[in-house]
Amino acid sequence: MNKIEFLSVLKKRLSGLPQADIDRTVDYYTEMIDDCMEEGMTSAQAVARMGTIDEIVVQARANARYSDAPKTVPPPRRRMRTWETVLLCVGFPLWFPLTLAAAIIALAVVIVIFAVYIVFYAVDLSLAAVAVTGILTSPIVAFGNGSLTQFLLFFGGGLVCAGLAVPLFFACNALTVKTASMIKHIIIRKRKEQR
Amino acid sequence: MDIQLKRGLLDICVLAAIKNEDSYGYQIIKDIKPYINISESTLYPILRRLEEAGHLTVRSVEHNGRLRKYYHITPSGLTRLSAFAEEWKEIMSIYQFVIRGTKK
């Protein structure tokens, strides 16, 4: 095989690699063969020194893979096509109110959820207030009226309210934490999906 | 010779071949061959690897109506060479130990 044949086969066998890699490899072997021939070798002798084409191709492919390792390039931002812009403008009276309504509904749902919690906490606070008032005022009532029944009613009522207020407080707390973490998970999952 | 060891030594030999003056592929092979076996197809990936690592730069020079690539060692390549010299001092002392064995 002479120089021209060798280089033409090499070029063909390297096809599929990036053009820069092909040019570089072919340039290198062209220079090498030329230098060998300048030293007095024949074209065939020079080609024989280069080794087998199979070997060169394997090496070139291995090296090309390194330089062509996929880089994390963000996808280019797509420019909006004309028909998309037109559609967006024409459809404005339709999509804008719908989007607004959806946003308002979502906001209402959030407010309702929080309202439920506020109600729970308000109930708990009133129970606690009744408990404190009942227990503290029961001796005053007992001394003022001298009535044991009223004392027991106030004191017992206070205890009952205290008994309800304490577990309700913990239940409200647990429920709030659970809902908050649920909302957090939903938001994080959505962000991950967007990425 | 162990393939990995030979690979590392070839890199160093190529850098050594262009240490004092810029050289081209064929001349590098001629300079290295008396010390370590190297072929044209072996040199190519080495030159590429060294260039990508920043140990050498390439420039094209016109020669007899064609272009020839000359390789020039960079400061990073020189550092690599002196690091090699330091490493081998250590390896030579291990070699002495291996040959001699422990003194009794």
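In what follows, chains carry the letters A, B, and so on, assigned in the order in which the sequence lines appear, proteins first and then strands, with residues in each chain numbered from 1. Since the model is a prediction, treat every value here as computed from it, not as a measurement.
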Intermediate values then yes/no, side-chain contact (heavy atoms from CB on, under 4.5 Å), A/M32 and B/Y44: CA-CA 10 Å; A/M32 271 297 172; B/Y44 178 59; over 6 Å; no
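- Looking at A/E31, both its backbone and its side chain come within 4.5 Å of chain B, counting heavy atoms on both sides.
- Using a 4.5 Å heavy-atom cutoff, the side chains of A/E39 and B/Y26 are in contact.
- At least one side-chain heavy atom of A/Y28 sits less than 4.5 Å from a side-chain heavy atom of B/L47.
- Per-residue counts of heavy-atom pairs under 4.5 Å with chain B were compared for A/D34, A/I56, A/D27, A/T52; the largest is that of A/D34.
- Heavy atoms from other residues, nucleotides or ligands lying under 6.0 Å from CD1 of B/I3 number 12 at most.
- Atom CG of A/L136 sits in a crowded spot, with more than 12 heavy atoms from other residues, nucleotides or ligands closer than 6.0 Å.
- Residues A/V130 and A/Y121 do not share a hydrophobic cluster, clusters being chains of Ile/Leu/Val/Met/Phe/Trp/Tyr side chains in contact below 4.5 Å.
- Heavy atoms of B/R66 lying under 4.5 Å from chain A belong exclusively to its side chain.
- Within 6.0 Å of OH on B/Y35 lie no more than 12 heavy atoms contributed by other residues, nucleotides or ligands.
- For A/F120, the CZ atom is loosely surrounded, since the number of other residues' heavy atoms within 6.0 Å does not exceed 12.
- Residue-environment remark: NZ (A/K11) stays at or below the threshold of 12 foreign heavy atoms within 6.0 Å.
- For A/T30, no part lies near chain B; criterion is any non-hydrogen pair under 4.5 Å.
- Using a 4.0 Å cut-off between a side-chain N of Lys or Arg and a carboxylate O of Asp or Glu, A/D35 and B/K30 do not qualify as a salt bridge.
- When side chains are defined from C-beta on, B/S41 counts as touching A/Q59, because their heavy atoms get closer than 4.5 Å.
- Annotation: B/Y70, atom OH; neighbour count of heavy atoms from other residues, nucleotides and ligands within 6.0 Å is above 12.
- Applying the side-chain hydrogen bond (donor to acceptor under 3.5 Å, both in side chains) rule to B/N20 yields no partners; only residues at least two apart in sequence or on another chain are considered.
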Evaluation steps, side-chain contact (heavy atoms from CB on, under 4.5 Å), between B/I29 and A/R49: CA-CA 12 Å; B/I29 289 175; A/R49 274 186 65 132; 4.3 Å; yes
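- Within the 4.5 angstrom heavy-atom criterion, atoms from both the backbone and the side chain of B/L43 approach chain A.
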